[in-house]
Amino acid sequence: MREPPPWDEALSLSLLDAGEERTFLSFRRAADRSRYLTAHTALRLLLAAHLACRPADVALGREPCARCGGPHGRPVVLGRGGGPHFSLSHAPGLSLVAIAGVPVGVDADRVPGPRTVELCLRRLHPQERRDAAAVPEGELPRWFCRLWTRKEAWLKACGTGLGRGLDRDYLGEREGPGALPGPAGWIVRNLSCGVLDATHAAALAVPEGTPVPAAPRDLDWRDVRSRAGGWPAGDGRREVGGGGRPTAGGGPIDIPTVRH
């Protein structure tokens, strides 16, 4: 879907739990609040459709951090043991939600300016810094954004987030003799952003052997609302592309996007 939900903001707010509402209210800019609300409304509707429950009844929490054991690890659906697993990312102009039967991480970002790239390059793996030195200056921001989204997707999937040093793992795209391997046992790759490919990058990380879609799909608000328990159907503005439902046993990965 290329638009936020086609209903009043108050209806989306009614789906959030207390923690999500506090986060929503903490944003000072209206655009940031709207982006957060759109992404979390989509997440709750998709999980509710998967679990056959009401969106407001989806209980979200955090696993213990895989690095330090603190209460800030991978986000989870509470009380559901084996899944579904999910990951959420929102950037100006684009939000991604991934739902799967296996641990998953997604990230989306807008291509940054040269100064941001310069500051962040210092934190990367030594080989990634060497790779960056070979990239033409005019192509560096987009190259960096693709790399950064792969790093964030991987760190989300493994449950450590940015608490794990950015210089510890090589997520470059070099291939051939002498190329360093990526994280063992994982697939980490960029996804198409469609018409936003020139200004944004996105990436997905899943365990090795998991089928990976070539690109996300546009979210159909009307369809997902009709499949979520406790919601009347038929309020979406228009229907766009579909996509298979995720399964708890490691089947299709569902990655809807919302452009805003």
Side-chain angles (χ1 to χ4, degrees), residues 1 20 38-53 55 57-66 72-91 94-109 149-161 164 169 171 182-194 201-221 223-225 227-229 240-258:
M1 197 76 177
E20 289 171 310
T38 295
H40 281 254
T41 299
L43 173 64
R44 284 189 165 273
L45 286 171
L46 288 159
L47 287 172
H50 184 102
L51 298 168
C53 68
D57 291 339
V58 176
L60 302 178
R62 293 271 181 176
E63 289 182 342
C65 174
H72 47 259
R74 189 165 36 211
V76 293
V77 180
L78 297 176
R80 294 284 174 170
H85 298 270
F86 68 90
S87 184
L88 170 66
S89 182
H90 43 90
L94 178 67
S95 295
L96 287 180
V97 180
I99 299 178
V102 294
V104 60
V106 290
D107 190 59
D109 275 309
T149 55
R150 291 195 301 274
K151 275 195 173 286
E152 286 223 43
W154 148 242
L155 293 170
K156 289 179 179 180
C158 70
T160 63
R164 181 180 174 91
D169 306 289
L171 272 300
W186 290 86
I187 299 169
V188 185
R189 65 180 54 168
N190 286 107
L191 299 169
S192 171
C193 296
L204 167 76
V206 289
E208 209 166 50
T210 307
V212 176
R217 65 178 179 88
D218 280 341
L219 178 64
D220 181 345
W221 288 109
D223 172 68
V224 72
R225 179 169 175 173
R227 291 191 286 117
V240 294
R245 292 193 189 187
T247 66
I253 302 175
D254 197 24
I255 315 179
T257 66
V258 182

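Atoms considered below: every heavy atom in the structure, side chains included; atoms not considered: hydrogens, waters and symmetry mates.
Residues Val97 and Leu43 approach most closely at CG1-CD1, 3.8 Å, considering heavy atoms. Closest approach of Glu208 to Ile187, counting heavy atoms only: CA-CG1, 3.9 Å. Annotation for Trp221 and Thr38: closest pair CH2-O, 3.7 Å, computed over non-hydrogen atoms. Across all their heavy atoms, Ala108 and Ser89 have their closest contact at N-OG, 2.9 Å. Residues Val77 and Pro84 come closest through the heavy atom pair CG2-O, 4.0 Å. Here the closest non-hydrogen pair linking Pro55 and Ala228 is CG-CB, 4.0 Å.
Taking CG of Asp57 as the start and CG of Leu51 as the end, the distance is 10.5 Å to the nearest 0.5 Å. With values rounded to the nearest 0.5 angstrom, Asp223 atom CG is found 9.5 Å from Leu46 atom CG. Atom NZ of Lys151 is separated from atom CG of Asp107 by 12.5 Å, given to the nearest 0.5 angstrom. Here the straight-line distance linking atom CG of Leu78 with atom CG of Leu60 works out to 7.0 Å at 0.5 Å rounding. Note that the OG1 atom of Thr149 and the CG atom of Leu191 stand 8.5 Å from one another [nearest 0.5 Å]. Going from atom CG of Asn190 over to atom CG of Leu171 covers 9.5 Å, rounded to the nearest 0.5 Å.
At least one donor-acceptor pair closer than 3.5 Å links the side chain of Ser87 to the backbone N or O of Val106.
Taking the side chain as every heavy atom from C-beta outward, Leu94 and Cys193 approach each other to under 4.5 Å. With a 4.5 Å cut-off on side-chain heavy atoms, Leu204 and Pro213 count as touching.
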